[in-house]
There are 4 protein chains.
Amino acid sequence: MSEPIGRRTWAIAEGYIPPSSTGPEPQMTSHETACILNAGDAPAEIEITVYFADRDPVGPYRLTVPARRTAHVRFNELDDPEPIPRDTDYASVLRSSVPVVVQHTRLDSRQAENALLTTVAYAAQGSE
Amino acid sequence: MSEPIGRRTWAIAEGYIPPSSTGPEPQMTSHETACILNAGDAPAEIEITVYFADRDPVGPYRLTVPARRTAHVRFNELDDPEPIPRDTDYASVLRSSVPVVVQHTRLDSRQAENALLTTVAYAAQGSE
Amino acid sequence: MSEPIGRRTWAIAEGYIPPSSTGPEPQMTSHETACILNAGDAPAEIEITVYFADRDPVGPYRLTVPARRTAHVRFNELDDPEPIPRDTDYASVLRSSVPVVVQHTRLDSRQAENALLTTVAYAAQGSE
Amino acid sequence: MSEPIGRRTWAIAEGYIPPSSTGPEPQMTSHETACILNAGDAPAEIEITVYFADRDPVGPYRLTVPARRTAHVRFNELDDPEPIPRDTDYASVLRSSVPVVVQHTRLDSRQAENALLTTVAYAAQGSE
């Protein structure tokens with residue numbers, strides 16, 4: 001038995017998929033990732049809602065992270081209900097059926113040398 | 001109905017707008033951003049106060065993030081009551097009328113290849 | 001007497017060891033690090049479990065951080081029960097016998113210029 | 001009257017001052033910074049203790065952040081009781097007389113293009 005770790009609701013206020021890339025695909029393709037860890041014994045049913053500056057939110061995007069697995073989800077590859085536009089500010093909220101841990105990472109390869117950022121996402125209070 | 005997520009008071013202890021940039025504007029202009037997500041159903045009235053090393057704080061800078069929207073606010077572009085000086089250490093406190101989530105990001109393009117940093121800001125306790 | 005600081009259970013949802021490096025070893029070798037601070041007066045017995053996208057978790061990897069010491073543990077160098085594969089998404093959970101603080105860092109030197117990321121890991125609630 | 005924001009005890013588990021730099025001083029000198037925001041009405045008397053992998057902690061380093069001010073403290077420049085060695089893993093604990101907010105940043109300019117990392121430090125529970 002593995003004890004679940006984390007929360008069920010997470011927010012990532014920063015979102016931006018660079019419009020171009022340098023270097024071999026897919027490792028060096030500019031991308032944004034939500035790294036999700038499900039350390040518990042039940043599958044995590046996840047719904048992602050994407051927020052924009054000037055139009056209504058889009059979603060939910062749905063995915064499942066099996067028990068005792070991690071999924072590094074590229075926002076670039078989400079396409080149902082619709083792809084996330086490039087070169088556009090967005091933000092996201094992730095809701096899970098069981099506690100998970102979420103970390104946000106971007107690789108920006110617009111220039112010849114890549115740049116990286118990461119942070120643990122914001123864990124909503126009361127969502128254990 | 002969307003449930004609000006986050007807190008009403010946030011602090012960013014690191015602040016620094018690089019004095020120069022390399023590459024096409026505005027994407028590659030060196031900048032500091034406060035990414036604000038308002039996932040709730042009421043507009044967020046935001047006041048930003050900026051702190052310095054050797055003089056009194058400046059502000060409030062005021063802005064509104066509509067319901068179910070995100071705003072990626074560049075400190076470079078704040079100019080009322082006064083622009084934020086370049087090449088100067090500062091810090092900031094954001095106070096919102098409703099819970100929001102705040103993430104801090106910098107793109108530094110002083111050199112030919114850009115560098116990035118990000119972190120979720122510090123959420124003040126008791127400000128739900 | 002030093003008061004212990006931190007928590008006993010931490011999670012790092014992002015994990016990826018770049019498959020290549022540029023520059024002198026070991027400083028410029030691409031690596032992932034869990035920086036562990038044990039500010040207390042008792043040794044910290046640590047167990048790390050590593051999670052993958054498509055197979056069962058591996059571990060525990062065991063190590064000790066003495067009282068009032070820090071250890072910057074490179075995932076690259078963990079090899080018992082088995083090395084962590086390169087160019088593969090993973091995540092990790094650290095469990096300690098006493099409260100510690102954990103920060104996650106990566107240096108990516110696949111290209112000529114290095115890139116860095118860091119974040120404090122996720123501290124599980126109730127694990128003081 | 002400004003309400004204080006933050007905690008009194010903070011930990012930074014990652015610490016490393018790169019041994020070399022590229023570019024003009026002091027902006028492009030490789031450095032580690034603890035950005036401290038004192039948003040309250042009383043001065044913050046700060047004590048920093050530095051932890052190592054293989055020897056006893058050093059400190060306290062003492063400094064004051066005046067009321068309603070920020071200080072971006074470079075570990076490179078701390079020298080009393082002794083300078084912090086370069087190219088050496090360390091960690092740090094900051095204790096303040098009043099609540100403050102602490103964010104950790106590094107600029108690494110060992111190579112021609114600089115790299116950046118940042119995170120809000122770990123805020124010890126019960127230290128409001």
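Note that these values count all heavy atoms, side chains included, but never hydrogens, waters or copies made by symmetry. Reminder, nothing fancy here: chain letters follow the sequence lines and each chain counts from 1.
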Checklist entry - Which is it for A:L117 and B:R106 under the side-chain contact (heavy atoms from CB on, under 4.5 Å) test, yes or no, and what are the steps along the way? => result CA-CA 10 Å; A:L117 58 76; B:R106 182 190 304 156; over 6 Å; no
Checklist entry - Where along residues 120-128 of chain A does a heavy atom come under 4.5 Å of chain B, listed by residue number? => result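 Counting heavy atoms that sit under 4.5 Å from chain B, the residues of residues 120-128 of chain A involved are A:V120, A:A121, A:Y122, A:A124, A:Q125.
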Checklist entry - Among residues 82-94 of chain A, which ones touch chain B with a heavy-atom distance under 4.5 Å? => result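 Expected list: A:D87, A:D89, A:Y90, A:A91, A:S92, A:V93.
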Checklist entry - Are the side chain of B:H72 and the backbone N or O of A:A53 linked by a donor-acceptor pair below 3.5 Å? => result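 The answer is no, because no donor-acceptor pair under 3.5 Å joins these two groups.
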Checklist outcome for this item: In terms of heavy-atom pairs under 4.5 Å with chain A, the winner among B:N38, B:V102, B:V101, B:T33 is B:V101
Next on the checklist: Any heavy-atom pair between the side chains of B:R68 and A:Y51 that's under 4.5 Å?
Outcome noted: yes
Item to check | Name of the residue among B:T105, B:T119, B:T118, B:T70 meeting side-chain hydrogen bond (donor to acceptor under 3.5 Å, both in side chains) with A:E14 | outcome: B:T105
